[in-house]
Amino acid sequence: TLTKATSTGPAYKFGDPTVGFDPTAATETINDNDVATLKLSGVDGQEAGQPLSTSDGKFVITQSNVSSTNTVVTYTVLGTSSATAGSDYVAITGTQTATILAGKTTVAIGVDVLDESLIETNETVVLKILTPLLAPTDPQVTIAVDTATVNIVDDDSAVASIFKLSNGFEPGTNDGQFAIFLTSPSASATVVSYKIDGSGDATLGSDYVLRDASLNLLSGSITIPAGK
């Protein structure tokens with residue numbers, strides 16, 4: 001208990017102090033400095049194993065940090081894709097939306113591969129994330145990699161064979177014919193090399209000619225058009 005005070009300054013008077021308070025609320029703002037970026041990547045699909053979904057391709061959007069709000073992304077397939085929507089994969093038409101849920105870091109976009117018999121090279125589906133990102137996406141989320149490719153790996157093959165369609169008879173009104181065929185069509189022209197077997201006893205040029213003058217050689221090539 002304070003009972004006495006001395007000072008060379010002004011005198012102090014002891015007594016019961018009066019305590020008051022200010023009812024006005026105070027606010028402290030915490031500025032968030034966290035940021036996140038989005039990266040688009042692709043996982044290849046393949047015709048082999050269809051229609052199992054494990055053989056399908058997919059795009060993955062990865063966010064570098066979690067967000068307290070959903071991240072909403074729009075995307076579209078680019079015209080630079082070499083795969084054909086509807087025959088190589090289930091079409092992804094127009095502008096679509098994908099959402100990374102709050103607290104999560106990834107979302108996948110499936111590429112449903114279709115198995116067809118056309119022989120072709122591996123083909124591509126190219127996807128692009130569009131801007132701007134949609135609400136309620138945190139404004140501190142930005143796009144780092146906006147384009148990716150999924151390859152569709154072809155599993156088709158074909159065998160080229162030659163067989164006799166008919167024998168030929170003199171005096172030339174009934175020509176003989178050979179046919180070359182593929183067991184499956186190809187998306188590109190197929191060039192087949194041939195050679196006339198010397199063990200035959202008919203003589204090229206006197207007993208017979210090939211209908212196409214450019215083929216009147218003992219060896220050469222012939223082209224099966226794409227799709228045939």
Side-chain angles (χ1 to χ4, degrees), residues 34-67 69-158 182-191 223-228:
D34 297 317
V35 297
T37 56
L38 300 178
K39 177 182 178 181
L40 182 64
S41 59
V43 178
D44 294 345
Q46 53 187 341
E47 289 185 0
Q50 292 297 328
L52 297 178
S53 59
T54 52
S55 297
D56 290 331
K58 63 180 177 181
F59 293 97
V60 180
I61 304 174
T62 302
Q63 188 170 275
S64 59
N65 289 308
V66 297
S67 175
T69 59
N70 290 349
T71 299
V72 183
V73 176
T74 56
Y75 62 88
T76 190
V77 173
L78 298 181
T80 53
S81 304
S82 61
T84 302
S87 59
D88 293 314
Y89 68 101
V90 176
I92 303 172
T93 57
T95 300
Q96 302 286 329
T97 302
T99 301
I100 300 175
L101 298 176
K104 304 295 183 180
T105 57
T106 62
V107 64
I109 302 165
V111 179
D112 190 358
V113 177
L114 300 175
D115 189 11
E116 37 80 79
S117 60
L118 186 66
I119 303 165
E120 53 196 351
T121 59
N122 297 341
E123 295 179 301
T124 60
V125 182
V126 184
L127 197 79
K128 181 180 177 64
I129 297 175
L130 304 177
T131 55
L133 301 174
L134 302 183
T137 302
D138 191 299
Q140 290 174 280
V141 177
T142 57
I143 302 171
V145 179
D146 64 356
T147 306
T149 299
V150 165
N151 294 295
I152 297 178
V153 181
D154 186 70
D155 69 338
D156 299 308
S157 62
L182 293 174
T183 53
S184 294
S186 174
S188 58
T190 301
V191 179
T223 300
I224 300 174
K228 303 296 184 180

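Shown here are the side chain to side chain donor-acceptor pair (under 3.5 Å) partners of Glu47, two or more places apart in sequence or in another chain: there are none. Every residue meeting the side-chain contact (heavy atoms from CB on, under 4.5 Å) condition with Ala36, not counting sequence neighbours, appears here in chain and number order: Gln63, Ser64, Asn65, Val141. In terms of the side chain to side chain donor-acceptor pair (under 3.5 Å) criterion, Asp154 has no residue partners (sequence neighbours excluded). Taking Lys228 as the reference, Ile224, Pro225 meet the side-chain contact (heavy atoms from CB on, under 4.5 Å) condition, with sequence neighbours excluded. A search for side chain to side chain donor-acceptor pair (under 3.5 Å) contacts involving Ser67 returns Thr69, not counting sequence neighbours. In this structure Val153 satisfies the side-chain contact (heavy atoms from CB on, under 4.5 Å) test together with Gln46, Asn122, sequence neighbours excluded. Under the side-chain contact (heavy atoms from CB on, under 4.5 Å) criterion, Thr62 pairs with Val60, Thr106, sequence neighbours left out.
To the nearest 0.5 Å, the span separating OG1 on Thr105 from CG on Leu38 amounts to 11.0 Å. The structure places CG of Leu133 at 7.5 Å from OG1 of Thr74, a figure rounded to the nearest 0.5 Å. Taken to the nearest 0.5 Å, the CG atom of Leu114 stands 8.5 Å off from the CG atom of Asp56. Atom CG of Leu127 sits about 10.5 Å away from atom OG of Ser41, to the nearest 0.5 Å.
Across all non-hydrogen atoms, the minimal contact from Asp88 to Glu123 is OD2-OE1, 2.8 Å. Contact record, Ala158 with Ile119: CB-CD1, 2.9 Å, taken as the closest heavy-atom pair. Residue Leu130 comes nearest to Ile143 through the heavy atom pair O-CD1, 4.0 Å, listed as atom of the first residue, atom of the second, then distance.
Applying the side-chain hydrogen bond (donor to acceptor under 3.5 Å, both in side chains) test to pairs two or more places apart or on separate chains, none has a residue in residues 89-100. The salt bridge (charged side-chain N to carboxylate O under 4.0 Å, His left out) contacts involving residues 139-153 comprise Lys128-Asp146, where partners must be two or more places apart or lie in separate chains. Applying the salt bridge (charged side-chain N to carboxylate O under 4.0 Å, His left out) rule to pairs touching residues 93-118 yields nothing, sequence neighbours excluded.
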For residues 76-85, please give each side-chain donor-acceptor pair under 3.5 Å, one per line with the distance, not counting sequence neighbours.
| unit_1 | atom_1 | unit_2 | atom_2 | d |
| --- | --- | --- | --- | --- |
| Thr76 | OG1 | Gly94 | O | 3.0 |
| Ser81 | OG | Leu78 | O | 2.9 |
| Ser81 | OG | Val126 | N | 2.8 |
| Ser82 | OG | Thr124 | N | 2.8 |
| Ser82 | OG | Thr124 | OG1 | 3.1 |

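Checking Val72, Thr137, Val107 one by one against Ile100, the side chain to side chain contact (heavy atoms under 4.5 Å, CB included) holds for a single residue, Val107. With Tyr75 as the partner, the side chain to side chain contact (heavy atoms under 4.5 Å, CB included) test is satisfied by one option alone out of Ile109, Thr147, Leu40: Ile109.
Judged purely by atom type and a 3.5 angstrom limit, Asp44 uses its side chain to pair as donor or acceptor with the backbone of Asn151.
No side-chain heavy atom of Thr142 sits under 4.5 Å from any side-chain heavy atom of Val35.
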